[in-house]
Protein chains: 2
Amino acid sequence: MNAEMLKGHLDTVILATLERGAAHGYAVIEEIRRRSGGHFDLPEGTVYPALHRLELAGLLASDWVDPPAGRRKRVYALTAAGRDALGERRTGWAEFARAVGAFLEPGSA
Amino acid sequence: MNAEMLKGHLDTVILATLERGAAHGYAVIEEIRRRSGGHFDLPEGTVYPALHRLELAGLLASDWVDPPAGRRKRVYALTAAGRDALGERRTGWAEFARAVGAFLEPGSA
DNA sequence: GCTTAATACCTAGTGTTGCTAGGGTATAGC
DNA sequence: GCTATACCCTAGCAACACTAGGTATTAAGC
């Protein structure tokens, strides 16, 4: 499954991934792959622009971190607004999933 | 809720709507609104192109019907390929919904 | 008779968004 | 030196839902 299906929900998934703690972009990709059981294997060209978008929207904040070894990492964390947005998106997803389910579940009226 | 969230799933919803019987475009819009409990109130500019797309893809077939009163209607029905596609999409939705749920449900690992 | 609303169809252009394809830097292993 | 992996980025493409317009038919209200 690629992320085309995620259209409109990728931001939600990214916010939820960062809910447990800050992480850099590459780690976000790996965590999404891990937590989705391999369903969402997102290319960098999908995730990095999404992170920038979310930061521009004020839902994430980033800091450059210079580790003793390895190259610089840009670490993203949820802002207060990001946490609020995640709450709304959680509710929105539940409604959405229920509505779509109403079409796909047999015996629905 | 508009259909932006539906991105990538609108076709599935339309196919499911037509699963119970053929219908014309305008009726599809009303049925989707009704069955979603008002959640999906889709503009014509969203649904008509989607119907054309699905017909082009061979998942729907249309017939013009000239009723004794009122203007001509274009009635869409699922093809065999459409029925197959709906089956696949039903499975795909279940996987997708479960995967997204893994991010949004509290206590998920 | 005229206007409005509802039914019913359509399309051109726009904006968002995920993807492809590429490029760059740093570290480790062969 | 070469390759693989970790880590960052962008330009351009394609898909798709939406906006904003258009047309035709019928019935209701004035």
Side-chain angles (χ1 to χ4, degrees), chain A residues 1-15 17 22-34 36 39-57 59-60 62-76 89 92 96 99-100, chain B residues 1-15 22-34 36 39-57 59-60 62-76 89 96 99-100:
Chain A
M1 195 185 319
N2 60 9
E4 287 287 3
M5 268 188 133
L6 265 177
K7 224 154 206 172
H9 305 282
L10 172 62
D11 292 0
T12 306
V13 165
I14 290 178
L15 291 174
T17 302
H24 61 283
Y26 202 85
V28 167
I29 293 175
E30 291 191 319
E31 176 67 5
I32 290 178
R33 182 168 44 230
R34 193 187 65 76
S36 70
H39 279 306
F40 302 136
D41 192 4
L42 309 183
E44 301 178 6
T46 290
V47 175
Y48 286 118
L51 289 169
H52 300 162
R53 210 161 53 219
L54 289 167
E55 182 169 25
L56 192 66
L59 306 186
L60 297 181
S62 73
D63 273 309
W64 282 101
V65 173
D66 235 325
R71 53 162 298 172
R72 302 180 73 199
K73 304 176 183 188
R74 189 154 161 186
V75 173
Y76 291 89
R89 279 155 179 278
F96 172 72
V100 175
Chain B
M1 194 187 317
N2 60 10
E4 286 288 4
M5 271 187 130
L6 266 176
K7 224 151 207 175
H9 305 283
L10 172 62
D11 292 0
T12 306
V13 166
I14 290 178
L15 291 175
H24 62 282
Y26 203 84
V28 167
I29 293 174
E30 291 190 321
E31 177 67 5
I32 290 178
R33 182 168 44 229
R34 192 187 67 75
S36 70
H39 279 306
F40 301 136
D41 192 5
L42 309 183
E44 301 178 8
T46 291
V47 175
Y48 285 117
L51 289 169
H52 300 162
R53 207 160 58 219
L54 289 167
E55 183 169 23
L56 193 65
L59 307 186
L60 297 182
S62 73
D63 273 307
W64 281 101
V65 173
D66 235 324
R71 57 162 296 173
R72 302 179 73 197
K73 302 174 183 188
R74 189 154 160 186
V75 173
Y76 292 88
R89 279 153 180 278
F96 171 71
V100 174

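Residue numbers start from 1 in every chain, and the chains themselves are labelled A, B, ... in the order their sequence lines are given, proteins ahead of strands.
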Between A/E31 and A/T17, do the side chains contain an N or O donor and an N or O acceptor separated by less than 3.5 Å? no

B/R74 CZ to D/dT23 C1', in whole Å, measures 16 Å

Nucleotide of D/dC16, C/dA8, D/dC9 approaching B/R53 most closely (side-chain heavy atoms): D/dC16

Check the distance between D/dA24's P and B/K73's NZ and give it to me in whole angstrom. 19 Å

Which nucleotide in D/dC18, D/dC7, C/dC10 has an atom nearest any side-chain atom of B/T46: D/dC18

Less than 4.0 angstrom between a side-chain N/O of B/H52 and OP1 or OP2 of C/dT11, yes or no? yes

B/L54 CG - D/dA15 P separation (whole Å): 15 Å

Euclidean distance, atom CG of residue B/L56 to atom P of C/dT11 [Å, nearest integer]: 12 Å

Where each residue is assigned the nucleotide of DNA chain D containing its nearest heavy atom, which of B/D11 and A/R71 is assigned the position nearer the 5′ end? A/R71

Checking all strands, does B/G25 fall into the base, sugar-phosphate, or nothing category for heavy-atom contacts under 4.0 angstrom? sugar-phosphate

Counting just side-chain N and O atoms, does A/R72 come under 4.0 Å of either OP1 or OP2 of D/dA6? no

Is any side-chain heavy atom of B/L6 less than 4.5 Å from a side-chain heavy atom of B/T12? no

Among the nucleotides C/dC10, D/dT10, D/dC18, whichever has the atom closest to the side chain of B/P43 is D/dC18

What's the CZ-C1' distance between A/R33 and D/dC7, to the nearest Å? 13 Å

Here the pair of heavy atoms bringing B/G25 nearest to B/Y48 is CA-CE2, 4.0 Å

Both B/K7 and B/E44 contact DNA chain C. Taking the nearest nucleotide for each, which residue is further toward the 5' end? B/E44

Please give, in whole Å, the distance from D/dC16 P to B/F40 CZ? 17 Å

Are any of the side-chain heavy atoms of B/I29 and B/T46 separated by less than 4.5 Å? no

Phosphate oxygens OP1/OP2 of C/dC10: is one of them under 4.0 Å from a side-chain N or O of B/Y48? no

When the distance from OH of B/Y76 to P of C/dC10 is rounded to whole Å, what number comes out? 5 Å

What's the NE2-C1' distance between A/H9 and D/dC16, to the nearest Å? 13 Å

Close side-chain approach of A/E44 to A/Y26, heavy-atom, < 4.5 Å: yes

